[in-house]
Amino acid sequence: MDNSDVSKALYEIADYLELQGVAFKPQAYRKAARNIEMLPGEIADLLNEDRLGEIPGVGKAIADKITELMKTGHLEYLEELRAKIPQGVIDLLSIPEIGPKTAMVLYRQLGIEDVDSLKKAIFEHRLSGLKGFGVKTEERILRGIRVFESRGGRIMLGNAFHSANKLIDYLRSKHADATVSVAGSLRRMKETIGDIDILVATSKPGEIMESFVSYDSVEDILAQGDTKSSVRLINGIQVDLRAVLESSYGAALQYFTGSKEHNVELRKLAISKEMKISEYGLFDRVSDELVAGADEAEVYDSLGLQYIPPELRENRGEIEVAMKRELPMLIEYDDLLGDLHCHTEWSDASGTIEEILRKASEHGYEYVGITDHSKSLRIARGLSEERLRKQIDVIHSLREETGGPFLLAGSEVDVLEDGKLDYPNEILEQLDYAIMSIHSKFNLDERSMTERIVTAMSNDVVKIFAHPTGRIIGQRLPYTFDLEKVIESAIDQDVALEINSFPERLDLNDTNVRRAVDAGAKIAIGSDAHDPSQLAYTRFGIATARRGWAKKSDVMNTLPLDTLRKMWGI
DNA sequence: GCCGTTTTCGGCCCGACTGTTTTCAGTCG
């Protein structure tokens with residue numbers, strides 16, 4: 001019974017209460033559930049120390065329920081709720097267009113408890129017989145089911161980024177006088193995106209909406225109004241477009257960037273200052289006068305806050321810190337001076353060392369490290385000792401003849417089950433540095449895995465621990481190990497923890513970056529490029545660093561080459 | 001059910017779009 005089991009139960013309670021039409025309690029349970037999800041430590045420890053009440057949103061009633069659940073593995077209150085309404089009705093809530101009211105009508109009047117029976121009922125036109133339901137409603141719900149079935153989860157940041165930029169370019173090309181910007185979770189650079197939000201400032205909203213819904217890749221128009229339209233693209237991604245006047249562009253950008261939780265806090269803050277905030281601006285509550293609207297930074301300033309970068313807007317304490325004007329100076333998107341994690345055709349990637357070098361030069365880097373796979377990783381054509389020696393020679397000779405970024409000879413070395421590295425030390429010592437990573441034996445118990453990692457870190461040639469948790473978004477959970485101990489060891493042994501910039505990895509993730517940085521560990525942002533074009537992936541790694549509150553000084557490869565070599569022995 | 005720089009009680013974010021309504025409810029973000 002861990003943090004996520006507890007928050008899952010609380011979310012379930014919230015859903016049931018919402019179905020029953022209970023007011024306010026659902027929000028209370030969800031708030032508690034969210035805060036437990038974000039808890040840095042184990043909720044079991046808080047329970048043992050009788051400190052559950054310290055979790056924001058957890059009062060006596062919820063604390064009692066958590067206690068019962070954790071001590072007995074059973075929660076009577078939840079069981080009672082489950083007995084009243086079948087669980088399938090809750091699943092209906094994840095279909096767009098179906099909220100609690102609709103779900104309950106479908107269940108009570110037609111006995112619908114799952115998506116399939118809902119589809120059947122629609123095809124038999126049984127919904128249109130219900131009070132308040134017409135043919136259009138049936139069609140709308142059917143569209144919702146299609147969206148639900150096609151999305152199969154959230155989209156990776158890298159994919160959404162690409163789709164959004166293409167669409168934004170299209171809108172800009174057709175409406176040169178309009179201001180077009182991405183908003184929503186994409187602007188916050190969250191690792192996965194639910195849908196794409198785009199904001200336009202224009203005096204002619206109708207024309208923008210017309211262009212938007214007639215975009216080539218639009219499959220289905222879900223809604224079309226003067227200020228707001230929604231479409232589904234052929235790749236299944238939903239895009240919402242909002243249009244506002246220039247005078248409220250800043251407030252709208254703030255509003256549509258979210259997160260929802262951040263905005264809720266901001267509105268409460270506005271109320272406490274006798275103001276109100278909406279997508280049209282920040283207004284004086286009494287006189288209704290506009291306080292700020294055209295400029296996003298002004299909205300924050302007028303609320304007495306330091307400007308909060310989009311990546312921090314998750315209601316994870318940023319508002320309180322901004323109030324004290326103590327937000328960190330986050331690493332910027334052009335702060336990297338090199339990339340220390342790149343693959344070539346020597347192992348499992350495409351592209352030559354020379355091509356990587358050229359790309360690194362285009363990125364304006366001072367240095368770039370070649371780190372192909374080590375010998376045990378046969379599936380990735382890991383380099384034998386002999387080939388690695390040869391590659392080091394090639395790198396040394398290329399280093400002599402080219403200008404441009406300085407070429408470093410590295411290796412992404414597998415950590416074997418016992419914590420030893422995949423090459424003997426006499427070869428490793430010829431490298432400028434090694435990256436350690438785990439690509440096998442993911443199923444060790446927590447103690448063995450932690451021991452394995454800490455042992456590998458103690459090797460002096462190791463400077464970076466790549467994709468430290470091993471998770472792959474939507475495919476593989478992190479392996480089990482003690483992250484706190486690994487962070488400690490990384491600090492002791494002068495090993496940087498990587499943010500792997502590959503869209504499906506982004507590992508460390510934002511919250512773990514924050515833990516590492518808070519503890520004083522150093523971060524390395526690597527592209528893990530398997531094609532020269534993928535050097536550009538570091539954009540997503542930097543975004544993740546920013547979401548983890550990392551400063552430039554926390555990141556190893558923002559250092560100039562000579563400092564990097566001196567400080568890190570590379 | 002939680003919470004308190006007006007509060008231990010009375011609040012709890014705000015507006016657009018759609019459909020079926022003839023003044024509004026439901027859903028979404």
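By convention in this document, chain letters (A, B, ...) are assigned in the order of the sequence lines, proteins followed by strands, and residues within each chain are numbered from 1. Just so it is clear, the model here is predicted, and its values are computed rather than measured. The basis for the numbers below is simple: all heavy atoms, side chains too, and nothing from hydrogens, waters or symmetry mates.
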Measuring from the side chain of K268(A) (C-beta onward, heavy atoms only), which nucleotide among dG1(B), dC12(B), dG29(B) has the closest atom?
dC12(B)
Atom-pair distance (NZ on K276(A); P on dC12(B)), nearest Å:
14 Å
For dG15(B) and T227(A) - does any side-chain N or O of the residue sit under 4.0 Å from the phosphate oxygens OP1/OP2?
no
Let me know the distance between CD of E97(A) and P of dC28(B), rounded to the nearest Å.
6 Å
Is there a side-chain contact between T137(A) and the phosphate of dT20(B), meaning an N or O under 4.0 Å from OP1 or OP2?
yes
For the pair made of CD1 in I13(A) and P in dC2(B), what is the distance, rounded to whole Å?
11 Å
How many whole angstroms separate atom NZ of K260(A) from atom P of dA16(B)?
17 Å
Between K25(A) and dG1(B), does any side-chain N or O lie under 4.0 Å from OP1 or OP2?
yes
Reckon L266(A) touches a base, only the sugar-phosphate, or nothing at all at heavy-atom distances under 4.0 Å?
nothing
Donor-acceptor contact below 3.5 Å, side chain R546(A) vs main chain I331(A)
yes
When you compare dC14(B) with dC9(B), how far apart are their C1' atoms, in angstrom units rounded to a whole number?
25 Å
Return the nearest nucleotide to the side chain of R140(A); candidates are dG1(B), dT18(B), dC28(B).
dT18(B)
Rounded P spacing from dT6(B) to dC2(B) in Å:
24 Å
Quick one: N35(A) CG to dC3(B) C1', roughly how many Å, whole number?
13 Å
Pairwise C1' distance for dT23(B) and dT18(B), with rounding to whole Å
15 Å
What's N263(A) touching, base or sugar-phosphate or nothing? Going by heavy atoms closer than 4.0 Å.
nothing
Identity of whatever pairs with dT8(B) - Watson-Crick or G-U, under 3.5 angstrom
none
Looking for any heavy atom pair under 4.0 Å, which part of the strands does S230(A) touch: base, sugar-phosphate only, or nothing?
nothing
Remember a base hit wins even if backbone is also touched, and classify R34(A) as base, sugar-phosphate or nothing at under 4.0 Å, heavy atoms.
nothing
Looking across every strand, which nucleic acid part, if any, lies under 4.0 Å from P100(A) by heavy atom: base, sugar-phosphate, or nothing?
sugar-phosphate
Reckon F256(A) touches a base, only the sugar-phosphate, or nothing at all at heavy-atom distances under 4.0 Å?
nothing
Closest of dG29(B), dC14(B), dC2(B) to the I62(A) side chain is dC2(B)
Which of the following nucleotides, dC2(B), dT27(B), dG19(B), is nearest to the side chain of K136(A)?
dG19(B)
Check for a donor-acceptor pair, side chain of D335(A) on one end and backbone N or O of E332(A) on the other, with a separation under 3.5 Å.
yes
Please determine, for the side chain of R242(A), which listed nucleotide (dC17(B), dT27(B), dG29(B)) has the closest atom?
dG29(B)
side-chain contact (heavy atoms from CB on, under 4.5 Å) with Q254(A): of L266(A), D295(A), I308(A), only one passes, and it is L266(A)
When you measure only distances, ignoring hydrogens and angles, does the side chain of Y280(A) come within 3.5 Å of the base of dG15(B) through a donor and an acceptor?
no
So, S248(A) side chain and V244(A) main chain: donor-acceptor pair closer than 3.5 Å or not?
no
Has the side chain of R471(A) got a donor or acceptor atom that lies under 3.5 Å from a matching backbone atom of D507(A)?
no
With a non-hydrogen cut-off below 4.0 angstrom, is V135(A) in contact with a base, only sugar-phosphate, or nothing?
sugar-phosphate
What is the nucleic acid contact for K65(A), judged by heavy atoms within less than 4.0 Å: base, sugar-phosphate only, or nothing?
sugar-phosphate
d(CD1, I141(A); C1', dT20(B)) in whole Å:
14 Å
Output yes when at least one side-chain N/O atom of K31(A) is less than 4.0 Å from OP1 or OP2 of dC3(B), else no.
no
State yes or no: are the ring centers of Y11(A) and Y29(A) separated by less than 6.0 Å?
no
Measuring only the C1' atom in each nucleotide, how far is dT21(B) from dG26(B)? A whole number of Å is fine.
12 Å
Aromatic ring centroids of F161(A) and F540(A) under 6.0 Å?
yes
Rounding to the closest angstrom, what is the interatomic distance between dG1(B) and dT8(B) at atom C1'?
14 Å
Out of dT27(B), dG15(B), dC17(B), whichever nucleotide has its closest atom nearest the side chain of E279(A)
dG15(B)
Closest listed nucleotide, where the reference is the side chain of F24(A) and the choices are dC14(B), dG1(B), dG29(B)
dG1(B)
Rounded to the Å, how far apart are L241(A) CG and dC28(B) P?
20 Å
